[in-house]
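Everything below concerns the one structure shown next.
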Amino acid sequence: MGLYLNPGYDGFEEIRRDIYVDKTGLIAFMNSLIGKPKPLVCFSRPRRFGKTFAADMLCAYYDKTCDSRFLFEDLKVAASDDFDTYINKFNVISFDMTGFISDSRDRGTNVLEEMQGALLKEVREEFPGCVDEKEKSLGKALYDVVSARNSKFVFVIDEWDALFREFKRDRQLQEDYILFLRGLFKNKDRTKKIIAAAYMTGILPVKKYGTESALSDFKEYTMTAPELLEEYVGFTEDEVKKLCQTYDADFDEMNTWYDGYSFKNVRHVYNPNSVMEALHNKNIRNYWSQTGTFESLKEYIGMNYDGLKDAIVKMLGGEPVRMKISTFQNDITSFKTADDVLTLLIHFGYLAYNQENRTVSIPNLEVAEVFEDAVNGNYWGPVGEAIADSEDLLDATISQNEEAVADALEKIHSSVTSVLEYNNEASLSCAITIAYYTAKRFYSIVRELPAGRGFADLAFMPRKDVDKPAMIVELKYDKSADTAIRQIHENRYDGEMKDYFGHLLLVGINYRKEATGKDAKKHNCVIEWA
């Protein structure tokens, strides 16, 4: 058992001792590729989405130097046709690129030399006499091992793209890295002889680095097109429901905080790390901030590309944004459009992509809080100020301070309109959602809630154990706030929220495009108890 060669099952055994969700269907998928022309997979996902767990699982299953059957016999993969055929049948080479980057920095060495040297050292030790001491090519060394021992290798590479993220402007190092990977996976005769399967995982897709076809033999599964691997991106809704039942957790709160990623066949995918942390700590809250990625989000959404700020403001206001992902170059420097930046944020997990209508949105409350922190700054001006002041606005609304509410909406609506370039009820709705941004911590906020004889523009329904009143907000354009309140009563919107009677506020807001007089305001507000 080595650090990189045949690492054994210890990592997966530790995972099995903890709260565990069975994702061994991924093994069955990889088994189905063995013996096929291109058994090479790159499955990219955001940080804290279970990439390393999957790598440890695959190592434990394939490693021929250990007997790991006891870890899999009660799991889904044990029922698959190929379970016995491939368990513990291959030599495994497994490494995390971040480890080599750290070692090279500590020692002042070239990261690729560090990597090849470490891997070759273990290969020579494990297979004495098979590899020439002067051999510097890992691919050639493995070819010699297979020729002598007739036993193929499975590759498991974690954080494959770390070098591109850590050395994002070192083009020569990037090209050398691609050449190294080409030497392993692009030489058809050698690859067919030595590799049974390869599984790479990281945050970014692979195919457009350096030479466009450099790793074209890899089948990619990404956050924009996970295809057959949708259920392995994160936890599914059924999996989270079972966890909540087992560990007595509130599923509705889990849904609000950690759901929001949706694909063609799996409509609800949850951030697995956050779900696990919430169960461990018995506390559902924001765990995303512990990933240390707030500053990177701030950097990307502040970039000066036409339409980017417009898109961010719309999403802060609860609107999905149409975009194209086709021009993204799969790195973190080659941006040409706002859509390129948004695509990167999809791969980072900050945004959720809807494949059917080609839109992006902020997925859940956890990520919404990260955006809340990221828009604090001069670049966001009144938008950032409105979000920072949104708790005060909520307090003013509950205390029926109509003047303070109107003043706050006057300020945020004008700033949103200047960005979005439209001036109507839709921009008012966006402005109000931003103005009440932090209310998401206390309320489920529903736009266009079917109620009575019509739709409530905004319904604020208190979360479990939140001691705040429910609210119905009706918006009007060039009419009056009293008209908005009257429409709530006439359409019986309160019937949808009858359980909140005695604890329900009706909020009417009107926007006038033109206002005359020295002290005239464009926004007026009326608030009353139902």
Side-chain angles (χ1 to χ4, degrees), residues 44-47 161 164-165 168-169 203-209 212 220 222-225 260-262 288 293-364 367-387 412-424 426-427 429-431 433-434 437:
S44 56
R45 289 174 282 170
R47 288 182 177 91
D161 59 326
F164 291 93
R165 291 184 275 115
K168 57 186 178 182
R169 303 199 183 277
I203 296 175
L204 298 175
V206 302
K207 66 183 178 184
K208 296 181 183 178
Y209 281 123
E212 187 165 342
E220 295 184 67
T222 71
M223 292 297 286
T224 58
Y261 305 93
S262 179
W288 187 284
T293 55
F294 151 70
E295 287 298 333
S296 65
L297 176 61
K298 189 173 183 178
E299 173 188 352
Y300 292 124
I301 65 175
M303 287 183 170
N304 188 26
Y305 290 97
D306 287 343
L308 180 59
K309 188 173 183 179
D310 188 336
I312 298 300
V313 170
K314 284 183 179 179
M315 288 186 286
L316 292 171
E319 296 183 27
V321 173
R322 285 188 62 83
M323 60 163 294
K324 295 180 180 179
I325 63 173
S326 56
T327 61
F328 182 58
Q329 294 297 304
N330 297 353
D331 62 26
I332 58 177
T333 58
S334 303
F335 303 126
K336 295 181 180 179
T337 67
D339 284 351
D340 290 342
V341 179
L342 296 177
T343 306
L344 177 68
L345 297 181
I346 295 169
H347 291 297
F348 278 2
Y350 291 118
L351 297 176
Y353 181 64
N354 186 307
Q355 294 169 281
E356 294 177 339
N357 55 29
R358 299 179 182 179
T359 59
V360 285
S361 57
I362 297 172
N364 52 45
V367 181
E369 287 197 352
V370 181
F371 271 90
E372 176 188 340
D373 293 334
V375 297
N376 283 328
N378 293 333
Y379 179 74
W380 292 96
V383 174
E385 292 174 11
I387 291 177
I412 182 61
H413 190 196
S414 62
S415 65
V416 167
T417 300
S418 66
V419 172
L420 298 182
E421 299 180 352
Y422 57 81
N423 192 5
N424 52 27
S427 71
S429 178
C430 180
T433 304
I434 292 174
Y437 195 80

With a 4.5 Å limit on heavy-atom distance, are the side chains of Leu344 and Phe335 in contact?
yes
Checking Thr359 now: which residues fulfil side chain to side chain donor-acceptor pair (under 3.5 Å) with it, not counting sequence neighbours?
Asn357
Starting from the C-alpha separation in whole Å, work towards a yes-or-no answer on side chain to side chain contact (heavy atoms under 4.5 Å, CB included) for Thr337 and Leu342.
CA-CA 9 Å; Thr337 67; Leu342 296 177; over 6 Å; no
Would you call Tyr300 and Ile312 a side-chain contact if the rule is heavy atoms closer than 4.5 Å?
no
Working to the nearest 0.5 Å, report the span between NZ of Lys336 and OH of Tyr305.
10.5 Å
Might you point out which heavy atoms bring Asp340 and Ser334 nearest each other, and give the distance in Å?
OD2-O, 4.1 Å
Would you confirm whether the ring centroid of Phe371 sits within less than 6.0 angstrom of the ring centroid of Trp288?
no
Run the numbers on Met223 and Tyr353 for side chain to side chain contact (heavy atoms under 4.5 Å, CB included), then give the verdict.
CA-CA 8 Å; Met223 292 297 286; Tyr353 181 64; over 6 Å; no
Side chain proximity check, Glu319 to Val321, heavy atoms < 4.5 angstrom:
no
Are the side chains of Thr343 and Val360 in touch, meaning some heavy atoms are under 4.5 Å apart?
no
Spell out, as yes or no, whether a donor-acceptor pair under 3.5 Å connects the side chain of Glu372 to the backbone of Tyr437.
no
So Ile346 and Met323, do their side chains get closer than 4.5 Å, heavy atoms only?
yes
Distance (rounded to the nearest 0.5 Å) between Asn376 CG and Lys298 NZ:
7.0 Å
Is any side-chain heavy atom of Ile301 closer than 4.5 Å to one of Trp380?
yes
Measure the shortest side-chain to side-chain distance between Asn364 and Tyr261 over non-hydrogen atoms and say whether it is less than 4.5 angstrom.
yes
CD1 (Ile434) and CE (Met315) are apart, to the nearest 0.5 Å, by 11.0 Å
With a 4.5 Å limit on heavy-atom distance, are the side chains of Leu297 and Leu345 in contact?
yes
Between Ile412 and Pro382, what is the shortest heavy-atom contact and its length?
CD1-O, 3.9 Å
Closest heavy-atom pair, Pro363 versus Ala352, reported as atoms and distance to 0.1 Å, is CB-CB, 3.9 Å
How would you list, by chain and number, every residue that makes a side chain to side chain donor-acceptor pair (under 3.5 Å) with Asp339, sequence neighbours excluded?
none
Separation of Leu316 CG from Ser361 OG (nearest 0.5 Å)
12.0 Å
Ile332 CD1 to Arg169 CZ distance, which is reported to the nearest 0.5 Å:
8.5 Å
Per side-chain contact (heavy atoms from CB on, under 4.5 Å), Thr224 is matched among Arg358, Gln355, His347 by His347
Mind running side chain to side chain contact (heavy atoms under 4.5 Å, CB included) on Arg47 and Ile203 for me, showing each step along the way?
CA-CA 7 Å; Arg47 288 182 177 91; Ile203 296 175; 3.6 Å; yes
Return the CD to CG distance between Gln329 and Leu204, rounded to the nearest 0.5 Å.
12.0 Å
Search all heavy atoms of Pro205 against all heavy atoms of Asn330 and return the closest pair with its distance.
CB-ND2, 3.5 Å
